Amino acid sequence: MSEIQQDEQTQIKQRREKLSLLRDKDIAFPTDFRRDAIANELQVNHGKKTKEELDATPIRVKLAGRIMTRRIMGKASFAHIQDMSGKIQLYVTRDTLPEGFYNTQFKKWDIGDIIGTEGVLFKTKVGELSVRVDTIRLLTKALRPLPEKFHGIVDQEIKYRQRYLDLIMNEKSRKNFEIRSKIVSYIRQFLTERQFMEVETPMMQSIPGGATARPFTTHHNALDMGLYLRISPELYLKRLVVGGFERVFEVNRNFRNEGLSSRHNPEFTMLEFYQAYAEYGDLMDLTESMLRGISIAICDSTKISYQGEIYDFGKSFERMTVVESILHFNPELNLDDLSTRETAVSIAEKLAIPIKDNYGLGKVQIEIFEKTVEHKLMHPTFITAYPVEVSPLARRNDKDHHVTDRFEFFVGGREIANGFTELNDAEDQAARFQQQVNEKEAGDDEAMHYDADYITALEYGMPPTAGEGIGIDRLVMLFTDAPSIRDVLLFPQMRPKS
RNA sequence: GGGUUGUUAGCUCAGCUGGUAGAGCACCGCACUUUUAAUGCGAUGGUCGAGCGUUCGAAUCGCUCACGACCCA
């Protein structure tokens, strides 16, 4: 049975009939209504006034919005309409509308319909700011009934697949996306104030670089060539630093062909920024002040509550190296256990971590870190000194050649940011690419490609530079107290529903 | 990929060890000029996610599949 047939047996049929009557009588979808007010502004500007103040100097308003609730009591009705800013109550009576309109028009409208109205502000008996309506028009007939008014939409699947319903019904969802927008605006302003320039670099790349991840592939017909959706903008942004744009940033989508989970969506938003004549330590300081600023802008406090825990961005963030953090969370281990590949592998095996033959000491250390440390890094923490082996684009530390001048930032047990002093030694970079190619040939399909064009760019000279990426979705989750990345993506990736 | 779990009216949910499918909201009708989960009375609405099996009989038991949720790798 088709969906249409089934629909026609229900409320949708009744609504189609109402629409059909409208079409016969008048313009069914008028576009000429203009409003001069929105609900929340009225609440803010006039909500605190007394009944007497409102009656003494009548305030006339034109409003538009969707009918969300309705209470018909004979010759008078109350209704709430919702617009982009919030809700406001309407008071509609038979005798203030044209003869017959109340019974033959207004009472036939449905919850979900979109209306335009004019009237005067007043306070009800219980003190709710409302509009005493004298003019009201139907602007858009809704054919489908809205979800139940009290519970709204709780079915996760409908929330994600029909986001518009979630947005109509759930204020918390609207709020989450408003916060997302504010965070991105804050970041743009924060960086622009510091002389960073916003740029856009290719989403479609012939060599997917800048990260280790499985890419999506596509094909360009005219050029008859394969292309990859980017996994990172990094190598293009650094080409711009070579070109003399010494502070650049990009906030946009990356694509990774990996699984879906509460923390992963195949397309996700990254902020990446690069600053010449800076080191990774400078970016850790910058990250601290950016997060502190976001927290104050969004939460009015340096403390945020996430899934029942309180995190404080006001204090200076903790900093420790990868090895220090492993020893801290595994007190039974000592430095020697992590100093040779042989001892580290035996630790990893005790932890049931699968170790491949081609893993060097650095990779084994990172596996142990990910298994035993990452999820325990609850309070804002920078982890530094990542092994060279897992950091093919980061500058080698001058004192310890096994590690790089790199950090990752964690809060709530999740990685939020990754930054380092950039490798601007073209010869070292060429050798690192070659190492990646060897690993790819050995079967690691996440290893990087050799990007000869990028090496050429470095050979022209890239100033000493530090760069960083921040996962915007995970950051927004933190500030919206969202348990799943899907709660901060307007249209998360879903399997098609057959 | 593995484990747990869910899918019943437009929405939120009941439905016991198998015996004719239920409620609230929404919708339709009636009453009602300060309600706000309005209220009162009455009516409508279902291939119980899909398929196969067990059975005299399946929303309920079994298997397979689809789409979610949570946990693990």
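The figures that follow rest on heavy atoms only: side chains count, while hydrogens, waters and symmetry mates do not. Sequence lines set the chain letters: A, B, ... in the order given, protein chains first and strands last, and positions in each chain run from 1. Computed from a prediction, not measured in an experiment: that's the story for all the values here.
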*Asks:* Any side-chain heavy atom of A:L327 sitting closer than 4.5 Å to one from A:V323?
*Replies:*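 Touching, per the 4.5 Å side-chain cut-off.
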*Asks:* In this structure, is the centre-to-centre distance between the rings of A:F317 and A:F382 below 6.0 Å?
*Replies:*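 Yes, close enough.
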*Asks:* So, OP1 or OP2 of B:rA66: does either fall under 4.0 Å of a side-chain N or O from A:R495?
*Replies:* no
*Asks:* Counting only Watson-Crick pairs (N1-N3 plus N6-O4 or O6-N4) and G-U wobbles (N1-O2, O6-N3), all under 3.5 Å, who is the partner of B:rG18?
*Replies:*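 Pairing partner, where one exists within any strand: none, as none qualifies.
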*Asks:* Do the side chain of A:T124 and the base of B:rU35 come within less than 3.5 angstrom through a donor-acceptor pair of N or O atoms?
*Replies:*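 For A:T124, whose side chain was compared with the base of B:rU35, there is a donor-acceptor pair (under 3.5 Å).
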*Asks:* Using side-chain hydrogen bond (donor to acceptor under 3.5 Å, both in side chains) as the criterion, point out the one residue from A:K49, A:K48, A:Q43 that pairs with A:H46.
*Replies:*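 Among the candidates, only A:K49 passes.
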*Asks:* What is the distance, rounded to the nearest whole Å, between atom CD1 of A:I153 and atom P of B:rC13?
*Replies:*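 After rounding, the gap between these two atoms is 10 Å.
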*Asks:* On RNA chain B, does the nearest nucleotide to A:Q89 precede the nearest nucleotide to A:P483 from the 5' side, or the other way round? Give the residue.
*Replies:* A:Q89
*Asks:* Can you figure out which of B:rA26, B:rU33, B:rU34 approaches the side chain of A:P145 most closely?
*Replies:*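 Out of B:rA26, B:rU33, B:rU34, the nucleotide with an atom closest to A:P145's side chain is B:rA26.
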*Asks:* Determine whether A:Y91 and A:F122 satisfy the following criterion, ring-ring contact (aromatic ring centres under 6.0 Å, His included), listing intermediate values before the conclusion.
*Replies:* CA-CA 9 Å; A:Y91 180 60; A:F122 78 109; 5.8 Å; yes
*Asks:* Could you tell me how far B:rG49 sits from B:rU8 if I compare only their P atoms? Round to whole Å.
*Replies:* 6 Å
*Asks:* Nearest to the side chain of A:D155, heavy atoms from C-beta on, is which of B:rU12, B:rC70, B:rU35?
*Replies:* B:rU12
*Asks:* Report yes if at least one side-chain N or O of A:R486 is closer than 4.0 Å to OP1 or OP2 of B:rA69; otherwise report no.
*Replies:* yes
*Asks:* Is there a side-chain polar atom (N or O) of A:K371 under 4.0 Å from OP1 or OP2 of B:rC72?
*Replies:* no
*Asks:* For the side chain of A:E157, counting heavy atoms from C-beta on, which of B:rG68, B:rU36, B:rU33 is nearest?
*Replies:*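 Ranking B:rG68, B:rU36, B:rU33 by closest atom to the A:E157 side chain puts B:rG68 first.
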*Asks:* Does NZ or CZ of A:K356 lie under 6.0 Å from the centre of the six-membered ring of A:Y359, at an angle within 45° of the ring axis?
*Replies:* no
*Asks:* In whole Å, what separates the P atom of B:rC67 from that of B:rG57?
*Replies:*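 Comparing P positions in B:rC67 and B:rG57 gives a spacing of 32 Å.
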*Asks:* Applying a 3.5 Å limit to both distances, which nucleotide forms a Watson-Crick or G-U wobble pair with B:rU55?
*Replies:*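 The answer is none; no pair meets the criterion.
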*Asks:* When you compare B:rC32 with B:rG46, how far apart are their P atoms, in angstrom units rounded to a whole number?
*Replies:* 32 Å
*Asks:* Measuring only the P atom in each nucleotide, how far is B:rA9 from B:rA73? A whole number of Å is fine.
*Replies:*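 Pairwise P distance, B:rA9 against B:rA73, rounds to 37 Å.
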*Asks:* Tell me which of A:R161 and A:P147 sits closer to the 5' end of RNA chain B, going by the nucleotide each one is nearest to.
*Replies:* A:P147
*Asks:* Of the options B:rU34, B:rU35, B:rC70, whose atoms approach the side-chain atoms of A:Y91 most closely?
*Replies:*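 Within the option list, the nearest is B:rU34.
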*Asks:* Taking B:rG22 as the reference, what is the distance to B:rU54 when you measure between their P atoms (whole Å, please)?
*Replies:* 29 Å
*Asks:* Taking the minimum atom-to-atom distance to the side chain of A:E148, which one of B:rU34, B:rC70, B:rG10 wins?
*Replies:* B:rG10
*Asks:* Of the listed nucleotides (B:rU36, B:rC32, B:rC28), which one gets closest to any side-chain atom of A:I72?
*Replies:*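 Of the candidates, B:rC32 comes closest.
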*Asks:* Please give, in whole Å, the distance from B:rA69 C1' to A:K159 NZ?
*Replies:* 13 Å
*Asks:* Within the structure shown, what part of the strands sits under 4.0 Å from A:M169 by heavy-atom distance: base, sugar-phosphate, or nothing?
*Replies:*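 Touches nothing.
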*Asks:* With rounding to the nearest 0.5 Å, note down the distance linking CE in A:M68 to CD1 in A:I88.
*Replies:* 15.0 Å
*Asks:* Taking only N and O in the side chain of A:K75, is any of them less than 4.0 Å away from OP1 or OP2 of B:rU33?
*Replies:*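 Yes, such a contact exists.
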*Asks:* Looking for any heavy atom pair under 4.0 Å, which part of the strands does A:D110 touch: base, sugar-phosphate only, or nothing?
*Replies:* sugar-phosphate
*Asks:* Between B:rA31 and A:K107, is there an OP1 or OP2 to side-chain N/O distance shorter than 4.0 Å?
*Replies:* no
*Asks:* Tell me which nucleotide, if any, is Watson-Crick or G-U wobble paired with B:rG46 when both distances must be under 3.5 Å.
*Replies:*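 Checking every strand shown, B:rG46 finds no partner, since no pair has both distances under 3.5 Å.
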*Asks:* Hey, does A:K18 reach any base, or is it just sugar-phosphate, or nothing, if we go heavy atoms under 4.0 Å?
*Replies:*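 The residue A:K18 makes sugar-phosphate contact but no base contact.
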*Asks:* Rounding to an integer number of Å, can you tell me how far A:Q11 CD sits from B:rA43 C1'?
*Replies:*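 Distance, rounded to whole Å: 14 Å.
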*Asks:* Which base, if any, makes a Watson-Crick or G-U wobble pair with B:rA37, both distances under 3.5 Å?
*Replies:*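 B:rA37 is unpaired by these criteria.
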*Asks:* Is the A:H379 to A:F313 ring centre distance short of 6.0 Å?
*Replies:* no
*Asks:* Can you tell me the pairing partner of B:rC25 across any strand shown, Watson-Crick or G-U wobble, with both distances under 3.5 angstrom?
*Replies:* B:rG10
*Asks:* Please work out if A:G259 contacts a base, only the sugar-phosphate, or nothing of the nucleic acid, heavy-atom cut-off 4.0 Å.
*Replies:*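 Here A:G259 touches no strand at all.
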*Asks:* A:F78 side chain: which of B:rU35, B:rC27, B:rA69 is closest?
*Replies:* B:rU35
*Asks:* Whole Å only: how far is the CD atom of A:Q162 from the C1' atom of B:rG68?
*Replies:* 14 Å
*Asks:* Check every atom of B:rC13, B:rA69, B:rU34 against the side chain of A:Q156 and return the nucleotide holding the closest atom.
*Replies:* B:rA69
